[in-house]
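Just below is one structure, and these are the notes that go with it.
Just so you know, these numbers come straight off a predicted model, no measurement behind them.
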Amino acid sequence: MVGVDGSRAMIDLARERLAPHGARFTCVHADLAELDLPRQLPPDAEVGCVFSSQTLHEVPHDVKRRVFRAVRGVLPPDGVFYILERYQL
């Protein structure tokens, strides 16, 4: 599992909470506007699924498009991109 976040505090918290899982978890500190997943992921990372949780509604449309391109660049043809957002109707 690879976690990506722009907040150093959230990366530190994730590392602390997921420490029992050892090498099965990797953190990437990155701003969504500068996301380049193929370059930022560990070389041996195999990505079958990407999950975004309550993030994309916060960023401008050009950054969303950059995120979608980055995700498409690492997912295999049968990969899945889950987007969880909460909106008040």
Side-chain angles (χ1 to χ4, degrees):
M1 178 188 301
V2 177
V4 179
D5 203 293
S7 164
R8 179 63 66 191
M10 292 306 291
I11 291 290
D12 292 344
L13 180 62
R15 282 189 176 128
E16 178 184 320
R17 289 186 177 176
L18 296 168
H21 300 286
R24 292 177 49 204
F25 179 76
T26 302
C27 293
V28 175
H29 181 244
D31 186 306
L32 287 179
E34 299 171 5
L35 196 62
D36 183 4
L37 288 175
R39 187 176 54 77
Q40 293 164 319
L41 293 177
D44 60 343
E46 293 182 22
V47 180
C49 169
V50 174
F51 185 85
S52 171
S53 178
Q54 299 185 36
T55 302
L56 296 175
H57 69 279
E58 300 274 346
V59 299
H61 292 300
D62 61 318
V63 174
K64 286 181 186 126
R65 285 189 289 274
R66 183 176 184 83
V67 170
F68 294 147
R69 280 193 299 272
V71 169
R72 184 178 60 200
V74 297
L75 281 177
D78 62 343
V80 181
F81 184 18
Y82 294 101
I83 303 171
L84 171 67
E85 298 287 343
R86 184 170 48 188
Y87 295 97
Q88 183 175 4
L89 300 177

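In the hydrophobic clustering (ILVMFWY side chains linked at under 4.5 Å, chained through shared members), M10 is joined by L13.
Under the side-chain contact (heavy atoms from CB on, under 4.5 Å) criterion, P20 pairs with no residue, sequence neighbours left out. Every side-chain contact (heavy atoms from CB on, under 4.5 Å) that A30 has, sequence neighbours left out, goes to V4, V28, L35, Q40.
Looking at every heavy atom in both residues, R66 comes nearest to A33 through NE-O, 2.8 Å. Shortest non-hydrogen contact noted between C27 and A14 is SG-CB, 4.4 Å.
Cluster annotation: L18 is not connected to V50 through the hydrophobic network of ILVMFWY side chains, with a link wherever side-chain heavy atoms come within less than 4.5 Å. Under the 4.5 Å side-chain heavy-atom criterion for grouping Ile, Leu, Val, Met, Phe, Trp and Tyr, I83 is connected to V47 within one hydrophobic cluster.
Pairs of residues two or more places apart, or lying in two chains, that qualify as salt bridge (Lys or Arg N to Asp or Glu O under 4.0 Å) and include a residue from residues 28-55 are D36-R39. Applying the ring pair (Phe, Tyr, Trp, His ring centres under 6.0 Å) definition to pairs two or more places apart or across chains, none involves residues 12-55. For the side-chain hydrogen bond (donor to acceptor under 3.5 Å, both in side chains) condition, no pair includes a residue of residues 67-82, sequence neighbours left out. Residue pairs meeting the ring pair (Phe, Tyr, Trp, His ring centres under 6.0 Å) criterion with at least one partner in residues 56-80, sequence neighbours excluded, are F68-F81.
Atoms OG1 and CG, from T26 and L41 in turn, are 9.0 Å apart once rounded to the nearest 0.5 Å.
Using modelled atom types, no side-chain atom of E85 and backbone atom of S53 make a donor-acceptor pair closer than 3.5 Å.
Counting heavy atoms from C-beta on, the side chains of R8 and D12 come closer than 4.5 Å.
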